[in-house]
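For reference, the structure discussed in these notes is given below.
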Amino acid sequence: KVADERTSAQGGLFGDNGGATLARPPLKSVHDWPGVERLDHERKSIGFYFSGHPLDEYEAGLEKLNVTSSADFAEEVPEDGRTPLTIAGVVRSFTPRRSQKTGKPFAWVEISDPAGEFEVTVFSELLDASRDHLTPGTLIVMSVNAEDNEGDVRLTGEGVRLLDDAVATAKACLRIIVSSHKALPSIKTRLFDPNLSTAKGGGSASSGAATLVMFMADLACEVEIEIPEPVPATVAMKGALKTIDGVADVELFL
C-alpha cells in the first residue's frame with residue numbers, strides 16, 4: 001500500500017503525500033540449503049533445475065562407472081542395432097501400465113541427467129525387484145539395452161541401483177576445511193545425523209572416513225584431525241557440511 005501511494009499522483013487521505021514507511025520484517029538466520037535440496041526446490045518451483053543438476057557432484061563416480069550421457073545415446077547405438085549401456089540420473093516421473101497382451105505390469109520411467117531427459121521402459125521382473133528405487137527424486141544408475149528405433153533410441157531397463165551405493169567404495173573420504181572453530185559443534189551434529197545417513201534418493205550411505213583440516217594461527221600451520229568413527233561419505237553429506245558457517249570447503253574422494 002505504501003509503495004502504491006508513493007507512485008500515485010494523489011496524496012494520502014490526510015495529505016501526507018505517501019510519506020509512511022514500513023519497518024523491514026525481521027528474518028530468521030538459517031543455514032543455506034544443501035546443494036541437492038536447493039536443486040529439488042528449484043525444480044518444484046519452476047519445473048526444471050536452474051543452478052545446476054544433482055549429478056554434477058558425482059562426476060568422478062560416473063566416470064568410474066562408465067556412465068553414458070543422454071547426449072551420447074545416438075552415437076553409442078548402431079543403426080538398426082542394439083547395445084548395452086549404463087545410464088544415471090534423477091527419476092522425474094514413474095508411470096505404471098499393464099500389458100494388454102500378457103496382463104503383466106510395466107512402467108515408463110522418466111529420468112533426467114545434466115544433458116536432458118529421457119524415458120526407460122521397465123518390465124515386470126525388474127519392476128517387482130526395484131520399484132522402491134524408481135520413486136521420483138531418487139538418484140539411480142541403470143543398466144539398459146539401447147535400441148535404434150527408426151532414428152530414435154529406445155531404452156529398456158535391465159538393472160537398477162541407487163547412485164550412492166553404486167559409487168560407494170571403502171576408500172570414500174570427506175576432507176573438511178575449517179576456517180573457524182565455531183563450526184565444530186555443527187560439523188559433529190551433521191556427521192552423525194541419522195537423517196543424513198540415508199539421504200533422499202541416496203540409499204544406504206557410503207561408510208567412509210573424514211578428516212578435519214584447520215589452520216592454527218598460534219602455530220602458523222595447518223593441522224589435520226582424523227575422525228575416529230566411520231561417517232556417511234556421500235554427496236548429500238558434502239552438501240550439508242558446506243552450508244555450515246565456518247566451513248571453507250568440503251572435498252569428497254570416491
Side-chain angles (χ1 to χ4, degrees), residues 35-36 39-40 42-169 199-203 235-236 254:
V36 174
L39 290 169
D40 188 49
E42 288 177 0
R43 183 182 62 80
K44 290 178 180 178
S45 298
I46 59 179
F48 57 89
Y49 299 115
F50 179 73
S51 61
H53 191 277
L55 261 63
D56 291 343
E57 296 283 357
Y58 288 87
E59 184 176 357
L62 297 180
E63 290 181 3
K64 183 174 66 175
L65 294 170
N66 197 29
V67 166
T68 299
S69 167
S70 62
D72 300 325
F73 287 168
E75 297 179 6
E76 296 291 334
V77 181
E79 188 175 351
D80 297 326
R82 65 169 57 192
T83 189
L85 296 176
T86 301
I87 60 95
V90 185
V91 177
R92 289 293 307 273
S93 67
F94 175 87
T95 306
R97 289 288 186 267
R98 190 170 293 275
S99 170
Q100 294 182 351
K101 291 184 179 180
T102 65
K104 292 184 177 181
F106 70 97
W108 291 318
V109 182
E110 185 181 9
I111 297 173
S112 166
D113 73 2
E117 297 182 358
F118 53 94
E119 186 177 85
V120 179
T121 302
V122 177
F123 290 110
S124 58
E125 185 175 349
L126 179 59
L127 187 60
D128 291 340
S130 306
R131 184 183 291 268
D132 290 345
H133 293 357
L134 302 176
T135 304
T138 305
L139 302 172
I140 61 171
V141 174
M142 291 189 76
S143 54
V144 300
N145 268 324
E147 183 178 6
D148 178 68
N149 182 31
E150 298 181 353
D152 294 326
V153 176
R154 181 166 57 192
L155 303 176
T156 303
E158 297 292 327
V160 59
R161 291 179 290 169
L162 297 172
L163 181 54
D164 271 351
D165 288 349
V167 303
T169 70
K200 180 183 178 183
V235 170
L254 298 171

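The structure displayed is predicted, hence computed values, not measured ones. Throughout, residue positions are numbered sequentially from 1 according to the sequence presented.
No side-chain heavy atom of Leu39 sits less than 4.5 Å from a side-chain heavy atom of Phe50. Residues Val91 and Leu139 form no side-chain contact, since every pair of their non-hydrogen atoms from C-beta on lies 4.5 Å or further apart. In this structure, Ile87 and Phe118 have side chains that are in contact, with non-hydrogen atoms separated by less than 4.5 Å. Side-chain contact between Leu163 and Leu62: present, with at least one pair of heavy atoms (C-beta onward) separated by less than 4.5 Å. Contact annotation: the side chain of Val160 never approaches that of Val141 to less than 4.5 Å [non-hydrogen atoms, C-beta and beyond]. By the 4.5 Å heavy-atom criterion applied to side chains, Thr156 and Val120 are not counted as neighbours. Pro78 places a side-chain heavy atom less than 4.5 Å from the side chain of Thr83. The side-chain heavy atoms of Met142 and Arg161, taken from C-beta on, include no pair separated by under 4.5 Å.
Here the side chain of Glu147 pairs no donor or acceptor atom with the backbone of Arg154 at under 3.5 angstrom. In terms of modelled atom types and a separation under 3.5 Å, the side chain of Ser45 and the main chain of Glu42 share no donor-acceptor contact. For Ser69 (side chain) and Asp72 (main-chain N/O), no donor-acceptor pair under 3.5 Å exists by modelled atom type. A distance-only check finds a donor-acceptor pair linking the side chain of Thr138 to the backbone of Thr135 [under 3.5 Å]. Arg98 places a side-chain N or O within donor-acceptor distance of the main-chain N or O of Gly103, the cut-off being under 3.5 Å.
For the atom pair CZ of Phe48 and CZ of Arg92, the computed distance is 10.5 Å after rounding to the nearest 0.5 Å. Going from atom CG of Asp148 over to atom CD of Glu79 covers 6.0 Å, rounded to the nearest 0.5 Å.
Within a 6.0 Å radius of CD in Glu125, no more than 12 heavy atoms belonging to other residues, nucleotides or ligands are found. Within a 6.0 Å sphere centred on CD of Glu59, other residues, nucleotides and ligands contribute 12 heavy atoms or fewer.
Closest approach of Val235 and Asp164 over heavy atoms only: N-OD1, 4.5 Å. Heavy atoms only, all atoms of each residue included: Ala146 and Leu85 are closest at CB-CD1, 3.6 Å.
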Table please: side-chain donor-acceptor pairs of residues 106-116 below 3.5 Å, with sequence neighbours left out.
{"residue": "Glu110", "atom": "OE1", "partner": "Ser93", "partner atom": "OG", "Å": "3.0"}
{"residue": "Ser112", "atom": "OG", "partner": "His53", "partner atom": "NE2", "Å": "3.0"}
{"residue": "Asp113", "atom": "OD1", "partner": "Ser70", "partner atom": "OG", "Å": "2.8"}
{"residue": "Asp113", "atom": "OD1", "partner": "Ala115", "partner atom": "N", "Å": "2.9"}
{"residue": "Asp113", "atom": "OD1", "partner": "Gly116", "partner atom": "N", "Å": "3.0"}
{"residue": "Asp113", "atom": "OD2", "partner": "Ser70", "partner atom": "N", "Å": "2.8"}
{"residue": "Asp113", "atom": "OD2", "partner": "Ser70", "partner atom": "OG", "Å": "3.2"}

Original post:
Can Leu155 and Thr121 be said to form a side-chain contact (heavy atoms from CB on, under 4.5 Å), step by step?
Top reply: CA-CA 6 Å; Leu155 303 176; Thr121 302; over 6 Å; no
